[in-house]
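Written below as structure tokens is the structure these notes are about.
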2 protein chains.
Amino acid sequence: MNLDGRKIAILKALIEDYIETAEPVGSRTIAKKCDIGLSSATIRNEMSDLEEMGYLAQPHTSAGRIPSNLAYRLYVDSLIENIRATSMEMELIKRKMEDHLSELNRFLDFSAKTISDSTGLTAVTGAPRMNPGAISHFEIVKASEHYLMFILVTNTGMIKKRQVRILTHIDENSILYLKQILNEELAGCTLEMITADKVERLKRRFNDNFELLGIILEFVTETLAASGMGEYYFSGKSETLKAPEFSSMDKVLGFLDLVEDKEQITSLINTAAADNKNGITVVIGDESPILKNKDLSMVVSTYKAYGGRNGAIAVIGPKRMNYGKVITTLEAMSRLMSEILEHTEGETDEER
Amino acid sequence: MNLDGRKIAILKALIEDYIETAEPVGSRTIAKKCDIGLSSATIRNEMSDLEEMGYLAQPHTSAGRIPSNLAYRLYVDSLIENIRATSMEMELIKRKMEDHLSELNRFLDFSAKTISDSTGLTAVTGAPRMNPGAISHFEIVKASEHYLMFILVTNTGMIKKRQVRILTHIDENSILYLKQILNEELAGCTLEMITADKVERLKRRFNDNFELLGIILEFVTETLAASGMGEYYFSGKSETLKAPEFSSMDKVLGFLDLVEDKEQITSLINTAAADNKNGITVVIGDESPILKNKDLSMVVSTYKAYGGRNGAIAVIGPKRMNYGKVITTLEAMSRLMSEILEHTEGETDEER
DNA sequence: GTTAGCACTCCTTGAGTTCGAGTGCTAACA
DNA sequence: TGTTAGCACTCGAACTCAAGGAGTGCTAAC
């Protein structure tokens, strides 16, 4: 017994009906819907075969069938039709998105909103993972009489500041001088390159500003060691919960627990994104232990930001989601985001 | 008919029982619980009076009574007992919080978690509203052959950067020179102080780098104009939804809609925080149109961050929340956060 | 191989019933 | 006059039961 064309047609029709209605699908419904000129009895036989093969399941004896994980997997991998988003619409979205470009977090927030609006599900956008890289510039600013501000810029565009209280007086000239030393010694250094040797050299050149050097080096090493874990931006959570599968409270809590747990979301998205560097990854229900027993699926894509770093965008929703729509939306959005972010090369601000 | 001591005792006992059980409270329950030596019949009479006075309500004739908004208001304003959090516990929390101080967003995130852990409800912490202030330092860094990075630091500790593509070649010395001009002319300037006059002077001194000046000025004015609207950090949403009042789906969606809508949350917290600059504000149910028909209450407090700016912390939960616990928790946390943030005076980093 | 027919299963729905918590009222009591 | 015991009444929650219907699986006929 194998999957011939008729079985596939029936399976496809069944999945699509189930996606639409969230109700178990009976043989008569399919007989009416897809006009291959078969009676419900024949379809019943085929469905029985499909159940045996693991593609369908019955909630109880006298109910219709629902697709299994295996069926969804087949559907996503080979049955789905690519609905192309109209380029007109995309052009409009792109223009709107460019308006939100001035700050990365706003941009990602808006992108998440756009995706969730278009899919009706929960969208997540993840900031590109920051690699601290090497020091490109170190700045010391005298903020006030007793405060200095350090600013460190790295070649990956990361920028960190710290304000520290100083007890002894330092004049502007000394600051300028120390800054020069630091930039000479540290420019181009990654964390690994700040060796004991280097520190020793700096100590010698700093001579009487021993204490200050300690504070600065602590700041620098901390900054370079920071993983810069990407933030995630969510949109459309309550939208997703309106689906009928969330009528029972434990499903709702299952979903919210997942979405609120940053660790889980991070690991889920990261593994999925790593799986497939450039395309779309679909994780269906129990395929990930994190989604287990939650009747949820996730579709993940990546976008390229400046500096070749990858960010992730994802949609989370009931296993019975409109995969075609979600996949095309994510494809289009990741293309769009890559275009905008690669193009503008780090045109993102940060404050505070 | 007025509120004598006995009525108040009964009302208090009823509210506290209802807060605990979320079930309408009958006369017998109160007779057993608070031992003023009264029979259920007497209490029944008193409860009937209290209902007439608007403090109690009955879901249906043969059910117990539940407190009205008026009763909660009375309870919060005068009946509640201040449970003081042990200073030991607070000392521990403080130490933990100081560990999370290195970045403001992490700190606020952790604070929200701490509050929601201790109350079992949804906690929100809002970053202090940033006032861009005046320019304290302007930096130009040559990121690569075709990219310059501008960094602007203001006296309120705000820091913004932007990377721009340049077509013409500029050597390091010119950059140094231009930077010097900019710092001379712009240091101490607020947005209002960048007048046409000032721009004219800069133009003259920049002479051949006309185009670059335009880009820089655009960046500067945009940065100074940015309102720096405070972000909010949530924690414990799914925790709140475990309360029995959220057994019906529309209550769940009501709560999630509120929590997801940044505009609403912002306005709700801001008006509440503005109401009462230093203490705690309690908004009970319908007292705010935003909470109307959602059976929710909110408790808001503020904390002082460096530079005298105020941030907000709040707890959102069912109207039937443990106000005593929530209020003392928020009081303690706002004191703690003020101590840490005022003390460390802008010890907050930012990256990206 | 396909289909009509039919018995069977099992969920859903709604009506009817019981149960019990709680009230309001009245009459008795201190 | 305030308090309490007693009792009839109310009304939602929970349970049972039967009817209805959607869907299946099997068999026999085409």
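Lettering of chains follows the sequences in order, A, B, ..., and the numbering in each one begins at 1.
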Study note, to complete from the structure: Hits for salt bridge (charged side-chain N to carboxylate O under 4.0 Å, His left out) against A:Arg44, two or more places apart or cross-chain, chain-then-number order -> none
Check your understanding: Who are the side chain to side chain contact (heavy atoms under 4.5 Å, CB included) partners of B:Lys12, not counting sequence neighbours?
Key -> B:Glu16, B:Tyr75, B:Leu79, B:Glu81
Practice item. Give a yes/no on whether any side-chain N or O of A:Arg28 is located under 4.0 angstrom from OP1 or OP2 of C:dA4. Key: no
Exercise for review: Check side chain to side chain donor-acceptor pair (under 3.5 Å) between B:Thr29 and all other residues, then give those that pass, not counting sequence neighbours.
Suggested key: none
Point to revise | Any residue meeting salt bridge (charged side-chain N to carboxylate O under 4.0 Å, His left out) with A:Lys237, in chain and number order, not counting sequence neighbours | key: none
Study note, to complete from the structure: Across all chains, not counting sequence neighbours, the salt bridge (charged side-chain N to carboxylate O under 4.0 Å, His left out) partners of A:Arg73 are A:Asp77, A:Glu287
Practice item. Whole angstrom is fine here: how far is it from NZ in A:Lys7 over to P in C:dT2? Key: 10 Å
Exercise for review: Could you tell me whether the phosphate oxygens of C:dT26, OP1 or OP2, come under 4.0 Å of any side-chain nitrogen or oxygen in B:Arg44?
Suggested key: no
Study note, to complete from the structure: Those residues at least two apart in sequence (or on a different chain) that pass ring pair (Phe, Tyr, Trp, His ring centres under 6.0 Å) with A:Phe246 are A:Phe255
Check your understanding: Under a cut-off of 3.5 Å for both distances of each Watson-Crick or G-U pair, what dot-bracket string does DNA chain D give, using [ ] for crossing pairs and | for inter-strand pairs?
Key -> ||||||||||||||||||||||||||||||
Study note, to complete from the structure: Hits for ring pair (Phe, Tyr, Trp, His ring centres under 6.0 Å) against B:Tyr18, two or more places apart or cross-chain, chain-then-number order -> none
Point to revise | Nucleotide C:dT9, atom C1' - distance to CD of A:Gln58 in whole Å | key: 10 Å
Produce the list of close N/O pairs, under 3.5 Å, pairing protein atoms with atoms of nucleotides 10-13 of chain D; give distances to one decimal.
from: D:dT10; atom 1: O2; to: B:Ser62; atom 2: OG; distance (Å): 2.9
from: D:dC11; atom 1: OP1; to: B:Thr61; atom 2: OG1; distance (Å): 3.3
from: D:dC11; atom 1: O4'; to: B:Ser62; atom 2: OG; distance (Å): 3.2
from: D:dC11; atom 1: O2; to: B:Ser62; atom 2: OG; distance (Å): 3.3

Give every pair of a protein N or O atom and an N or O atom of nucleotides 2-4 of chain D that lie under 3.5 Å apart, one pair per line with the distance.
from: D:dT3; atom 1: OP1; to: B:Arg6; atom 2: NH1; distance (Å): 2.5
from: D:dT3; atom 1: OP2; to: B:Arg6; atom 2: NH1; distance (Å): 3.2
from: D:dT3; atom 1: OP2; to: B:Arg6; atom 2: NH2; distance (Å): 3.0
from: D:dT4; atom 1: OP1; to: B:Gly37; atom 2: O; distance (Å): 3.4
from: D:dT4; atom 1: OP2; to: B:Ser39; atom 2: N; distance (Å): 3.0
from: D:dT4; atom 1: OP2; to: B:Thr42; atom 2: OG1; distance (Å): 2.6

Practice item. Sequence neighbours left out, what passes salt bridge (charged side-chain N to carboxylate O under 4.0 Å, His left out) with B:Lys33? Give chain and number order. Key: B:Asp17, B:Glu20
Check your understanding: Rounded to whole angstroms, how far apart are CG on A:Asp49 and P on D:dC26?
Key -> 12 Å
Check your understanding: Considering residues, nucleotides and ligands other than A:Lys292, do more than 12 of their heavy atoms fall under 6.0 Å from its NZ?
Key -> no
Review point. Quick one: ring pair (Phe, Tyr, Trp, His ring centres under 6.0 Å) partners of B:Tyr55, sequence neighbours excluded?
Key: none
Exercise for review: Figure out the CD1/C1' separation between A:Ile43 and C:dG1, and round it to whole Å.
Suggested key: 14 Å
Exercise for review: Would you mind reading off the distance between B:Ile30 atom CD1 and C:dT23 atom C1', rounded to a whole angstrom?
Suggested key: 14 Å
**Study point:** B:Leu268 and B:Leu291: CA distance, side-chain angles, deciding distance, side-chain contact (heavy atoms from CB on, under 4.5 Å) verdict
**Key:** CA-CA 9 Å; B:Leu268 194 55; B:Leu291 296 176; 3.9 Å; yes
**Study point:** Distance in angstrom units between B:Glu52 CD and C:dG24 P, rounded
**Key:** 11 Å
